[in-house]
Structures are given as structure tokens and as C-alpha cells.
Amino acid sequence: MADATKPTPDVTGSTGAARTNGRGPAETNNVTLEDLKPYYGSFQAVHAVNATIEPRSVTAMIGPSGCGKSTVLRCINRMHENIPGARVEGRVLLGEQNVYGRGIAPQTIRRRIGMVFQQPNPLKMLSIAGNVAVGLRLEGHRESEIKEKVEASLKGAALWDEVKDKLNDSGMALSGGQQQRLCIARAIAMEPEVLLLDEPCSALDPISTYKIEELLVELKKRYTIVIVTHNMQQAARISDRTMVFMVDITDKKPKGMLVEYGETAQVFTNPQDKRTQDYISGEIG
Amino acid sequence: MINQSPNYLRRRVFDLFMRGMTIVATLLALVPLFLIIGYVFIRGGSGLIYFPDEYARYEIGVEKLVTMLSDRQDPQYDRDLFTQARNDQSSLETNLSTTRRYQERTKAIPGELKDLRASLNDVSERIENRGATPEREAEQAQLASQIATLENEQATIKAELPQLASERTTLISDIDELARSARGVSLDDLGSVGLRHYFPFFTESAKPAPVMATSIQQISITQVGGVFHGIVGTFLIVGASLLIALPIGILAGVFLSEYPSTQLSTFIRFSTDVLSAAPSIIVGVTAYVLVVQRTKEFSGLAGSVALSVLMVPVITRTTEEMLKLVPTTVREAAFGLGSPKWWLTLTVVIPAAMSGIVTGALLAFARAAGETAPLLLTILGKNQVTWNLLEPMAALPLITYKYTENPSPIQNDLAWTSALVLTMLVLLVNIMARWVTRKRTR
């Protein structure tokens, strides 16, 4: 499928690699989850998760509803703690640095680990360019620099050709798929090391989904990508490694748990766990 | 054929009954609205426009001339010229009021005569048919004398009107000459009837109304008063109270919506509800004790303080509700970029809820503009236009209250008209609020 992609010059070519600002592709690190236990109040939502996410690859998280895959994803860039009462035990390492370390502000982490949500959510009082620039403005970049980066990010998200004539229009005027790519552009404008996507295609039609998948395959050359998806074909198509989550119903309250983690080809063709096999073959879930 | 359930009819009757009752109740609730708007329009409408007659420009001109000549700082000041102008002005006023009265009589007398003659015919017929009694004869004589008096009056007026007219012509040319010789201007230059003279209600401040007049059309143009001072006062006072209440209300609303479950916010929410239910007279008394007694002066600012206390809860609660409506996805978008909370609130949440906040402010404005009780104790009232918030001021609701109590029918009319203007203001603001909200949902 990556072969079918018509490469966007700025992403694949030397231009993209040359566009560095200190961090970016050069610094892309492993993401390691160590005994990660997300809580909602006193309720532990997922059994301890241990996994290492490889840099510059696509890691998919699949599993039935309520298995905690979104929760784990949101723990990686500390979005989880925005929910009242929610907290996290354990560690998430970005390279050698603990994301939950003492004295580390969640904001700095969220700038290094970007996120794209299920519903396309452009900020509606900002223009298309303003949406992409919003994070950069927040960091205090110069306007000339911002202009370049907006263009580069929109090209990176394969949206430039569609919006270059209406950069000052509202982001809400775009179609759902375009809005989602705008959100991806907004995330990569910050040049994060990791890009988290929480079911980015669930609100989109197949064509838009296809475009975003194409884009992700391109983006993984520069970013570490973690994607939560309900669509197993999607996981099989684009991911290099796959995490399979399941609901553990042995307790009173159902909890999520990580049951298998491995190369996508292996997980889909030769699953080691019985539950994974049942889920993938469609017997449960 | 489908069998009807046995209870079908009963259910249907209950349904209809319920529906009928709710409709009747809704209509009953609407009746006061239509009564208020209808009555205020009928009673208040007459005071909105004043039609100056053909002599109005002379009255304006001579008034201006007298004002010019009365300036003692003027090197050209001449006591004799000033006295002469004053005498001419009062003669002209007497002449014009007499003329106007005569003109009204000229129009009224034929009708009265016709009525009296009809009655006289009646009495005469009765005497012919049923015979003369002393009462009938007395009535006949009385009617005949009344008719004679009226005919006499009609003749006098007919004779006197040209006399008055020629006297007026002489007077006007005298005044014109005086104006030319004293200040080098003609009376025509001085007096011209502008658009503002048609709407004295909006352009003039309070003037003592002549006791005999029963409608503003009977008053000469220089004596017609209005409520411009009240309009200025209302806008200044309510504007100042908006300036006080908006920052407090919006910030409190932001606090309530962004930190919703702390003990402090629960307490604040409860207090806000209590405050919004507080009787406005009590707020007025509090402002009187806290501001008026301390500064030892009634002032517009004291009124603004009282009104802002009434506005804050409205603004706070609308802001809170509107901020809560901003979807989580929008907040997450900003959070996902690593934005701090203050930035999120200022640039994402508040702009998204802006139309709601504006609506709240407009509704608060409308509520405060109509309040009388707090103003009664704080701004006292004034008969001239003042732009100084530290002085006693006038306001539309206060004028409505005071002029309603006044025995003069003119002042009563002005009270109704200011009630009309207030109603229109509140209505307009409400329509604006709806328009702003409509734009948000689109």
C-alpha cells in the first residue's frame, strides 16, 4: 500500500529531513510503558501494561470496546489526568525521561507527544492557517517562521493543495476528512516525537480513511505513531506492530488488559494467545 | 376494523382537556404582555411627536434674540434693548396664545351651536305638541340665551382675529427690526424649525408645563419639554454599571464553569442564586447606606453600583451555562497542543461562548434599564441634562414614576411616553439578544 502512495515531496524527500529545529526526527526515541496502571478514582481501569513502542513505526492498538486501549493511549501524553479523579501509576518513558517524573509539566509532554482525536476538532474561531499555527504561536515562534511551518505542516498532512487558496477561511468549512488531516497538520506543526491517534478514521468515509492511512504510512518515516483503531483491517494494513487489548471479566468490574504485543504479521497470522485468535477470527468481540 | 380499546374515549377526552388547559394558561400568561404593550403604545404614542404651527419659528427666533441680548458679558450689552425684546416676546406670546385659543374656538363653536339648536328645536316641538309648561319655557329661554352668547362669541372672535393678526404682523416686524439693528440678523435667520423640534421628547429636558394645557399640541414650541435628561441618565448609569458588572460577572462565570466542583464554587453558585432573587429595593437601600451616606451626595455612580449588583448574578449564570456548552472536543484540541489552562480559557473557551456571554450582558442591561427602586434611593433625579456621574441624575424609570404622580396631564403624558420608550428599549435589547443567539446556532 505504501507503494501506491504518491509521495508528497516535502514529506519524503530531503526537504522534510532538512527541516529540523533541534528536535524532530533526529531525536525520535523509544516509548516505554512500565507497569502503567491508569485509575479512574479508586478503580483501576487496565491491568499493568508493559510494552516498548519502537520509534518511526506505526503501532496499532486493537481490541473490543471498553478494553482500555484509548485510556492507555491517553496516558502516554498525560491527557488521561484531565478527567476529574483520574490518575496514573507506573512510568511512561520517552527515551530515558519519565513522562510522569517529578517537576515535568504535562504541557511540555503534550508538545512532544502530539494527539489527534476521534472527532475532527478544528478550533472554529480560527482560520485554517490559524489552526495549524496555534501551537507555534503558543510557543512564541516568530511570524515569518510560523508561515513557513504552516505551509510545511499542511504539505506534510497532504492538505496543502486543497486549502492553499483558502488559508484564511474557517476550518469548519472543510469536509470531515480534510478537517481530520488539518488536525494532523496541527499536531505535526509542533514537530512532536510521537503522534497519538485515537480512532482518527471512525467518523470518516472510506475515501477519507484511505487518504489518512496513506498519510500515516508517509509520516512514520519521521514520527513514532501510535494509533487506536476498531478496524482490524486498518491495523493490518498500516501498522508494523500491534497491541491487542481484551476485557478481563474475572473481577466484579470489568478491566482492560494487554494480552498480546508483537509484529503485526505475526499477530494476525499466528496469534500466540487464544483470545487474540478468537477476536481476530471474529468469534468474539 | 380494528377494535378500539375500551378506554380509548376516556383517554382521548383527558388528552384534549389537558391540551385545552395548557393553551388557556399560556394565553392568560400572554394577556398582560399584550395589555402592557397595547396600552403603553396608545397612551404614550401621543407624546412622541409635536407638530409646530406656522408661528413656531417666530417664537424660537424671539427666544434666541432675548438670550443673545441678555448676555451681560457681551460688550454690546444694552439694558434697554434687552427690556424691549423681553416686552416684545411676552406680547407675542400673549397674542399667539390668544390666537390659538380663538382658532380652537372657531373650530369648536359651529358644532356646539348645532347641538344647542337641535335641543332648542326639540323643546319648541314639545311646547307645540304638548302645550307650554313653565319648565319647558325656562329651558327654551335658557337655550336661546346660550345660542345668543355663542353667536356673540363667534362674532367677537371673527372681529378680533384680523385685529390680532395685524397686531402680530406689527410685533413681528418690530422684533425683526430690533434684531437687525441690535445684532445684524433677521428674525427669519434666528428662528427655524428643525427636525429636533418635532421630537421634543427626545431632545428637550424637563420644562414646567402650563397648568391649563391638556395636550402637548397646545403648548408653544419654546415651552415643550422632554426627557432627554432621562435618556442620557439611563444610558450613562446602566453603561457604568455594565462596566462594573461585566468583568466581575464574566470572571465569576469562568470560575464556576472551569473549576466546577470545589467547595468555593458551590458556595458562590448558591450565593449568586440568592442574590439574583434579592428584592431590588433592598439592593437600593444597601447602596444608599454604603455609597450615598458615605459620599454624602446622591449620585449616578451610586445608582450604577446598585444596578451592577443586580446585573452580576445574571451575567455570572449565563456565562457559566454558556461555557459549559463548549464541547469537550474543543477543549481537548487545545489541551492536546500542550496549552496551559489560562490560555485555553481565554482563547478557546471564551471566544466559543462569546455570543452567549453577549446575550447575558444584553439581558442584564435590559433588566437593569427598567429598575426603579434602587435608583429612587441613589440617583434622586434631576431636571437638566448632566453628563457627570458624580451628580444626582435622571433616569427613564424614575421619570415615569415621578411624572405619573404629577397632577399635570402633560407630565402624565410624558410619563406614558417614557414608559413606551423604556418598553421599546427592553424589547429591542431582547430581540438583539435573540439575534445574537441565533447566529451562534447557525
Side-chain angles (χ1 to χ4, degrees), chain A residues 70 73-74 76-85 104-126 130-140 153 171-172 179-180 182-192 194-198 200 203, chain B residues 250 253-269 318-361 435-442:
Chain A
S70 287
L73 186 79
R74 292 165 71 94
I76 296 175
N77 73 340
R78 299 187 65 170
M79 286 293 282
H80 179 63
E81 61 201 68
N82 276 337
I83 299 161
I104 292 185
Q107 281 84 20
T108 39
I109 295 304
R110 290 178 199 144
R111 285 176 204 180
R112 290 175 65 187
I113 308 181
M115 188 151 189
V116 176
F117 299 87
Q118 183 172 3
Q119 289 292 329
N121 55 359
L123 300 174
K124 61 175 150 184
M125 42 288 167
L126 296 180
N131 258 294
V132 181
V134 68
L136 301 168
R137 294 231 164 87
L138 200 57
E139 280 194 333
S153 313
M172 304 306 280
Q179 284 186 17
Q180 195 62 295
L182 179 62
C183 293
I184 293 176
R186 185 173 62 192
I188 63 178
M190 305 286 288
E191 306 206 343
V194 184
L195 196 56
L196 308 178
L197 299 105
D198 190 353
Chain B
I250 290 182
V254 167
F255 176 76
L256 289 186
S257 99
E258 300 300 302
Y259 308 91
S261 43
T262 62
Q263 274 190 334
L264 182 61
S265 58
T266 316
F267 174 69
I268 291 178
R269 201 172 288 121
T318 4
T319 307
E320 186 197 351
E321 296 304 323
M322 289 301 148
L323 292 188
K324 276 184 179 166
L325 284 181
V326 175
T328 343
T329 56
V330 176
R331 291 163 197 267
E332 275 185 337
F335 264 135
L337 292 166
S339 64
K341 189 149 188 164
W342 65 266
W343 187 89
L344 170 80
T345 307
L346 279 188
T347 62
V348 177
V349 180
I350 290 186
M354 204 54 194
S355 60
I357 295 172
V358 171
T359 310
W435 182 71
V436 171
T437 337
R438 221 167 89 113
K439 255 190 121 182
R440 182 172 58 87
T441 47
R442 183 143 43 88

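Below, chain A is the first sequence line, B the second, and so on; all start at residue 1.
Looking at residues two or more places apart in sequence or on another chain, you find a side-chain hydrogen bond (donor to acceptor under 3.5 Å, both in side chains) between A/Arg74 and B/Glu332. Taking the side-chain hydrogen bond (donor to acceptor under 3.5 Å, both in side chains) definition, one finds that A/Asn131 meets it with A/Arg186, sequence neighbours left out. Take A/Ser70 and apply the side-chain hydrogen bond (donor to acceptor under 3.5 Å, both in side chains) test, not counting sequence neighbours, and it matches A/Asp198.
More than 12 heavy atoms of other shown residues, nucleotides or ligands fall within 6.0 angstrom of atom CE in A/Met172.
Expressed to the nearest 0.5 Å, how far CZ of A/Arg111 lies from OG of B/Ser339 amounts to 8.0 Å. Summarising the geometry, atom CG belonging to B/Leu337 is positioned 7.5 Å from atom CG belonging to A/Leu123; distances are rounded to the nearest 0.5 Å. Note that CZ of B/Phe335 and CD of A/Glu81 are 9.5 Å apart. Values are rounded to the nearest 0.5 Å. Taking OG1 from B/Thr328 and CD1 from A/Ile83, the interatomic distance works out to 10.0 Å, rounded to the nearest 0.5 Å.
For chain B, the option among A/Val134, A/Ile113, A/Asn121 with the highest count of heavy-atom pairs below 4.5 Å is A/Asn121. Contacts with chain A were tallied for B/Pro340, B/Pro351, B/Pro327, B/Ala334; B/Pro340 has the most, counting heavy-atom pairs under 4.5 Å.
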**OP:** Apply side chain to side chain contact (heavy atoms under 4.5 Å, CB included) to B/Thr329 and A/Phe117, showing your working.
**Re:** CA-CA 8 Å; B/Thr329 56; A/Phe117 299 87; over 6 Å; no
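Within residues 257-267 of chain B, no residue has any heavy atom less than 4.5 Å from a heavy atom of chain A.
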